[in-house]
There are 2 protein chains.
Amino acid sequence: MPKQTFFNLNSSKQNRIIDAAIAEFGAHPYLKTSINRIIKKADISKGSFYQYFNNKKDLYKYVIDQVSDAKMKFLGEKLQNYQQLEFFELLRELFIAGIQFRKNFPRYSEIGDRVLNSSNKDLKNELYAESKPKSNDFFEKLLLKAVQEGKIDPEIDIKFTAFMLTEFSVSIVNYFFETHDTDNVDEIMNYVDKMLYIMKNGIAKGDKNVTN
Amino acid sequence: MPKQTFFNLNSSKQNRIIDAAIAEFGAHPYLKTSINRIIKKADISKGSFYQYFNNKKDLYKYVIDQVSDAKMKFLGEKLQNYQQLEFFELLRELFIAGIQFRKNFPRYSEIGDRVLNSSNKDLKNELYAESKPKSNDFFEKLLLKAVQEGKIDPEIDIKFTAFMLTEFSVSIVNYFFETHDTDNVDEIMNYVDKMLYIMKNGIAKGDKNVTN
DNA sequence: ATATAATGTGACTACAAAGTCATATGACTT
DNA sequence: AAGTCATATGACTTTGTAGTCACATTATAT
């Protein structure tokens with residue numbers, strides 16, 4: 001957690017610092033990020049930095065939390081309208097909302113991508129203590145509801161399936177950026193639909209008599 | 001590529017260096033790995049290092065290639081009879097072999113995990129110019145064959161599906177190690193089977209009349 | 001035995017990072 | 001106006017890194 005001194009700052013200065021941090025953490029993998037560059041960009045002194053934060057990780061965690069909260073809030077608002085949707089429909093809307101978030105807050109997304117692929121396992125565990133479980137929990141709740149409503153195969157392991165959905169979601173983005181150099185983020189939906197198709201029907205040949 | 005001077009060394013010295021490198025690259029994320037530590041462990045001088053390799057990345061790439069080759073060779077031997085196996089059976093065998101490899105060569109696996117999770121996109125692209133497609137290609141070929149044999153839904157996007165399988169194969173192992181602190185690697189097969197079930201049938205409720 | 005080529009060495013340079021601290025500046029209180 | 005407390009500063013220290021190079025050692029060929 002940042003120290004009290006940071007929160008004492010007027011919000012304009014706070015934002016200047018956070019913006020500089022977001023830029024830095026979005027531009028480099030964590031281990032290559034530099035406090036020196038951040039303070040330069042934010043136009044504060046080295047000494048001040050250490051009066052606001054304990055160290056780089058302190059700031060990093062805070063920034064990640066902010067971004068994660070922003071996304072949750074954004075998705076949460078969108079989802080209010082979709083309560084009545086069927087599981088796969090809802091999932092689809094969720095991805096659309098995710099893409100919208102990406103469009104509206106590109107800086108946030110850059111840093112988010114970095115975090116999701118971050119390798120440093122120790123750091124990752126520390127950071128993800130919250131945010132990945134968040135997404136997992138969310139999928140779990142959706143799945144549970146869908147099973148109860150008889151929409152989803154009750155045989156599945158819900159925790160594991162939630163995990164699978166989370167990972168697939170990340171993979172989709174990775175795949176998109178590895179195969180498309182474009183900025184046309186909407187095309188991601190192609191892959192979302194492909195993924196949903198597989199999750200729904202599986203890939204073994206044969207028709208499924210989906211019960212309603 | 002290492003310089004000729006490296007290959008001129010007797011294999012015992014070569015191994016000493018490669019072993020030190022594997023230990024280092026397995027123990028730290030790439031950006032934190034240190035040539036200094038490697039030469040210390042391998043008991044060679046700084047000057048020698050630069051007579052054998054151009055830089056750290058040079059060595060890194062070489063090590064990754066070695067590990068990747070070893071794994072391919074191992075899998076190839078284990079799966080000699082794979083031609084007559086049905087797609088999902090084969091996939092299962094593949095995981096079993098992969099887990100065996102992990103058991104037999106834990107050092108190799110450590111470094112493999114790091115690589116697969118590596119965040120540095122630029123580096124990743126450079127490294128994977130060859131080796132990632134290897135695993136990807138393999139899945140693609142399997143899928144293609146299975147589609148042709150009528151075992152797999154021809155509707156699916158093979159490239160995309162192969163990618164998802166590749167990524168998830170890694171995730172599943174991570175998931176296991178994150179949720180189970182045990183060394184009983186066989187339990188991973190529980191999750192593999194769950195994954196295969198979903199990939200086969202999907203999660204939507206209803207029976208699938210798999211055509212044979 | 002001598003000359004030549006290949007290999008080995010570690011002190012050194014150059015650089016960038018995180019973190020510290022004595023001092024300066026400002027703001028608020030008495 | 002004087003004194004006190006919070007905040008701001010940047011030069012400095014320490015630590016680590018990659019990479020270089022003049023020289024030492026060893027092996028090979030003549």
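Computed from heavy atoms alone, side chains included, the values below leave out hydrogens, waters and symmetry copies. Reminder, nothing fancy here: chain letters follow the sequence lines and each chain counts from 1.
Note on residues 91-106 of chain A: pairs passing salt bridge (charged side-chain N to carboxylate O under 4.0 Å, His left out), not counting sequence neighbours, are A:Arg92-A:Asp193, A:Arg102-A:Asp113, A:Lys103-A:Asp186. Pairs of residues two or more places apart, or lying in two chains, that qualify as salt bridge (charged side-chain N to carboxylate O under 4.0 Å, His left out) and include a residue from residues 6-31 of chain A are A:Glu24-A:Arg37. Among residue pairs with one or both ends in residues 43-56 of chain B, none qualify as salt bridge (charged side-chain N to carboxylate O under 4.0 Å, His left out); sequence neighbours excluded.
Remark: C1' of D:dT17 and NZ of B:Lys57 are 16 Å apart, rounded to the nearest angstrom. Rounded to whole Å, atom C1' of D:dG19 lies 17 Å from atom OH of B:Tyr52. Taking atom CZ on B:Arg37 and atom P on D:dG16, their separation rounds to 9 Å, with Å as the unit. The CD1-C1' distance, from B:Ile39 to D:dG19, rounds to 11 Å in whole Å. Counting to the nearest Å, the P atom of C:dA5 and the CD atom of B:Gln51 are 16 Å from each other. Across the protein-nucleic acid pair, B:Ile44 atom CD1 and C:dT9 atom P stand 8 Å apart, rounded to whole Å. For the pair B:Gln4 CD and C:dG8 P, the interatomic distance rounds to 13 Å; values are reported in whole Å. Atom-to-atom, CG of B:Asp58 to P of D:dG19 comes out at 11 Å; the value is rounded to the nearest Å.
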Please list each protein N or O that sits under 3.5 Å from an N or O in nucleotides 18-27 of chain C, with the distance.
residue, atom, partner, partner atom, Å
C:dA18, OP1, A:Ile35, N, 3.3
C:dA18, OP2, A:Ile35, N, 3.3
C:dA18, N7, A:Lys46, NZ, 3.3
C:dG19, OP2, A:Tyr50, OH, 2.8
C:dG19, N7, A:Lys46, NZ, 3.0
C:dG19, O6, A:Lys46, NZ, 3.0

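With sequence neighbours left out, B:Phe25 forms a ring-ring contact (aromatic ring centres under 6.0 Å, His included) with B:Tyr60. Partners of B:Glu140 under the salt bridge (charged side-chain N to carboxylate O under 4.0 Å, His left out) rule, at least two apart in sequence or in another chain, are B:Lys159. Under the ring-ring contact (aromatic ring centres under 6.0 Å, His included) criterion, A:Phe87 pairs with no residue, sequence neighbours left out. Scored by the salt bridge (charged side-chain N to carboxylate O under 4.0 Å, His left out) test, A:Asp69 finds A:Lys134 as partners (sequence neighbours excluded).
B:Ser11 places no side-chain N or O within 3.5 Å of a backbone atom of B:Gln14 that could act as its donor or acceptor partner.
Here B:Phe53 lies out of heavy-atom contact (under 4.0 Å) with every strand.
Ring planes of A:Phe160 and A:Phe163: tilted class, angle from 30 to 60°.
Residues of residues 5-16 of chain A having a heavy atom closer than 4.0 Å to DNA chain C: none are found.
Across all strands shown, C:dT25 forms a Watson-Crick or G-U wobble pair with D:dA6, both key distances being under 3.5 Å.
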